[in-house]
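Below: the structure, in structure tokens.
Here is the naming used below: chain letters follow the sequence lines, and residue numbers restart at 1 for every chain.
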Amino acid sequence: TKEQELDRISALPGQPTVTFSQFSGYITVNEEHGRALFYWFIEATSIPYKKPLVLWLNGGPGCSSVAYGASEEIGPFRIDRTGSSLYLNKYSWNTEANILFLESPAGVGFSYTNTSSDLIDSGDKRTAEDALVFLIRWFSRFPQYKYRDFYIAGESYAGHYVPQLAKKIHDYYKEDSHPIINLKGFIVGNAVTDNYHDGIGTVTFWWSHSMISDTTYRSILNNCNFKDDNKTSKECDDSVNYAINHEFGYIDQYSIYTPACI
Amino acid sequence: CTEHYAEKYYNRADVQKAMHANVTGIPYKWTACSDVLIKNWKDSESSMLPIYKELMAAGLRIWVFSGDTDSVVPVTATRFSLSHLNLTVKTRWYPWYLDNQVGGWSEVYNGLTFATVRGAGHEVPLFQPKRAFILFRSFLAGKELPKS
């Protein structure tokens, strides 16, 4: 489509020569509020018309799939430390599939809203609704991907985004035996899944990996019930804050055996 | 510190032009994570497990993996949560291999595959790119992770 060609990236500054195509741009998901989501689409390195389509979502909430997924995890390019050039990622996932990175919801990265109040009342529900609208309109812009095997992948708080969007798609096409968005499955990593069990499991990991003392472990278990969403007691906060501020030390909590970023 | 590189690169005018980005002149710098959004996040479901059950019943392929050196959403958190689904084991817990090394461990249930990735943090493909790639390729193929 013409719109598709307008989104084609001829080359990124400092990019090595590549054979695959890439596109990026905006898709409006709510005209009234002026919400538009930014995507970066990177086709497979070979026979893209035969490869599946994979949507990648990072979490946060509020974090960018361009910043993390595309630029330091599964995308074809890595950014050098000066931010001036790109080099190739030997284990890029676009050798196996066509990868679509989405900055979601509005307010993340280049995705924007013309209604500033949207930035302070985002949540799971509207994020999933907007993501479904995005996909329906994206497939109109890229009709060659209609009916293609489609998967969703993500990590962290996208442990919410991914199944919630998968459910929206499943419900939307429930009566359709030949759905345009042909969702086959999803894969999530280090995914926020269930507040109560995640909470217990997290403290157990801290203790079993000798990041906290027995005293602190017992204090957290006694004071934090992990059940009441968004409501924690002062005693619970004090116990967890003591662990983080006085027992963890200066580590990268996202990777406890590698150097922390100074 | 890798996200600092992204903060430099994606705030360059020539990069934004090449990506057709920031066409409306967003009144703030591009950043890897939005503080405003995370501090004001409203509705958040307390559990994804009911959706998992519904989509497993619908026949979707569902894989859950976990880098085992992450302490923010650690492997024990995911294992406690998945154990609450009371799934039937199809292939019992086994080490999966890559380059003659244990890449992690995996257990296959009816409707869901769980796998750990040894030595990987929260962003698994960042810390263990080759193991993450094999995980992804196995997922797309619908095949169990290699047993040798």
* To do: Mind running side chain to side chain contact (heavy atoms under 4.5 Å, CB included) on A:Ser255 and B:Glu123 for me, showing each step along the way?
  => CA-CA 8 Å; A:Ser255 174; B:Glu123 295 177 78; over 6 Å; no

* A:His170 versus chain B, heavy atoms under 4.5 Å apart: side chain, backbone, both or neither? -> side chain

* Enumerate by number any residue of residues 67-75 of chain B whose heavy atoms lie under 4.5 Å from heavy atoms of chain A; in the absence of such residues, state 'none'. => B:Gly67, B:Asp68, B:Thr69, B:Asp70, B:Ser71, B:Val72, B:Val73, B:Pro74, B:Val75

* Check: A:Lys125 main-chain N/O paired with B:Asp43 side-chain donor or acceptor under 3.5 Å -> yes

* With distance as the sole test, does B:Thr76 use its side chain to make a donor-acceptor pair with the main-chain N or O of A:Gly201 at under 3.5 Å? -> yes

* Side-chain (B:Ser47) to main-chain (A:Asp194) donor-acceptor, under 3.5 angstrom -> no

* Structure fact -> Bottom line for A:Glu155: the part with an atom under 4.5 Å from chain B's heavy atoms is side chain

* Between B:Arg61 and A:Tyr151, is a side chain to side chain contact (heavy atoms under 4.5 Å, CB included) present by the stated rule, with each step listed? -> CA-CA 9 Å; B:Arg61 181 184 306 157; A:Tyr151 299 92; 3.2 Å; yes

* Mind telling me whether A:Tyr254 and B:His122 have parallel, tilted or perpendicular rings, with 30° and 60° as the class edges? => perpendicular

* **chain A interface, residue from B:Cys33, B:Gly59, B:Ala132 that has the most non-hydrogen pairs under 4.5 Å** => B:Cys33

* **Flag, side chain of B:Lys130 to backbone of A:Lys90, donor-acceptor distance under 3.5 Å** => no

* Using a 4.5 Å cut-off on heavy atoms from C-beta on, say whether the side chain of A:Tyr112 contacts that of B:Asn22. => no

* Asked: Does A:Arg81 offer a backbone N or O that forms a donor-acceptor pair with the side chain of B:Lys8 under 3.5 Å?
  -> yes

* Asked: Heavy atoms under 4.5 Å from chain A: which residues of residues 23-31 of chain B carry them?
  -> B:Val23, B:Thr24, B:Ile26, B:Tyr28, B:Trp30, B:Thr31

* Hey, which of B:Ala6, B:Ala18, B:Ala21 has the most heavy atom pairs under 4.5 Å with chain A? -> B:Ala21

* Look only at the side chain of B:Arg12 and the backbone of A:Pro13, and say whether a donor-acceptor pair between them is shorter than 3.5 Å. => no

* A:Leu6 versus B:His20: any side-chain heavy-atom pair under 4.5 Å? -> no

* Can the ring centres of A:His197 and B:Phe80 be said to be less than 6.0 Å apart? -> no

* Could you name the residues of residues 135-148 of chain B that have a heavy atom within less than 4.5 Å of a heavy atom in chain A? -> B:Leu135, B:Phe136, B:Arg137, B:Phe139, B:Leu140

* Structure fact -> Listed by number, the residues in residues 81-111 of chain B that come under 4.5 Å of chain A (heavy atom to heavy atom) are B:Ser81, B:His84

* Asked: Are any non-hydrogen side-chain atoms of B:Pro125 and A:Trp93 less than 4.5 angstrom apart?
  -> yes

* Candidates B:Tyr5, B:Tyr9, B:Tyr10 - the one meeting side chain to side chain donor-acceptor pair (under 3.5 Å) with A:Ser71 -> B:Tyr10

* Structure fact -> Of the listed A:Gly60, A:Pro61, A:Gly189, the one with the largest count of heavy-atom pairs under 4.5 Å with chain B is A:Pro61

